Amino acid sequence: ALILLMLAMLATATRVLLGPTLADRVLALDQLVAIAIGFIAVIAIKTGHELYIDIALALGLAGFLATAAFARYILASSKANNKSDTIRRE
């Protein structure tokens, strides 16, 4: 399971680096958080330490908040670009 997660992380990291748009990079970062949660879950199962599950939950919350913040930034920047295009056309 750890090998498959590592392959998924490598593929997602290439998307972060090569993503053609900011939205692609944001989604790839969100996917990296999900893969990291998978790593933590597998390690929690292998070691038997339940504390790792709490860490995975906290990471999931932080990842969700970061994705929501990035999405809001992308929305705000696209609205600003549309306003500047409208002003130029007039």
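Just so it is clear, the structure is predicted and the values come from calculations on it, not from any experiment. Below, all heavy atoms of this structure are taken into account, side chains as well, without hydrogens, waters or symmetry copies.
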For the residue pair [X] and [Y], what are the closest heavy atoms and their distance?
{"X": "Ala13", "Y": "Leu32", "result": "N-CD2, 4.4 Å"}
{"X": "Val42", "Y": "Ala1", "result": "CG2-CB, 4.2 Å"}
{"X": "Arg15", "Y": "Ala28", "result": "CG-CB, 3.6 Å"}

Run the side chain to side chain contact (heavy atoms under 4.5 Å, CB included) check on Tyr52 and Ile55 step by step: do they pass? CA-CA 5 Å; Tyr52 289 131; Ile55 295 170; 4.0 Å; yes
For the CG atom of Leu59 and the CD1 atom of Ile40, what is their distance to the nearest 0.5 Å? 5.0 Å
Between the OG1 atom in Thr67 and the CD atom in Gln31, the distance rounded to the nearest 0.5 Å is 10.5 Å
Would Tyr73 and Val26 satisfy side chain to side chain contact (heavy atoms under 4.5 Å, CB included), going step by step from the backbone distance to the final call? CA-CA 11 Å; Tyr73 170 75; Val26 169; over 6 Å; no
So does Ile3 have more than 12 non-hydrogen atoms from other groups sitting under 6.0 Å from CD1? no
Consider only side-chain heavy atoms of I, L, V, M, F, W and Y, link residues closer than 4.5 Å, and tell whether [X] and [Y] are in one cluster.
{"X": "Leu22", "Y": "Phe70", "answer": "yes"}
{"X": "Leu7", "Y": "Met9", "answer": "no"}
{"X": "Leu5", "Y": "Ile37", "answer": "no"}
{"X": "Ile35", "Y": "Leu2", "answer": "yes"}
{"X": "Ile74", "Y": "Leu29", "answer": "yes"}

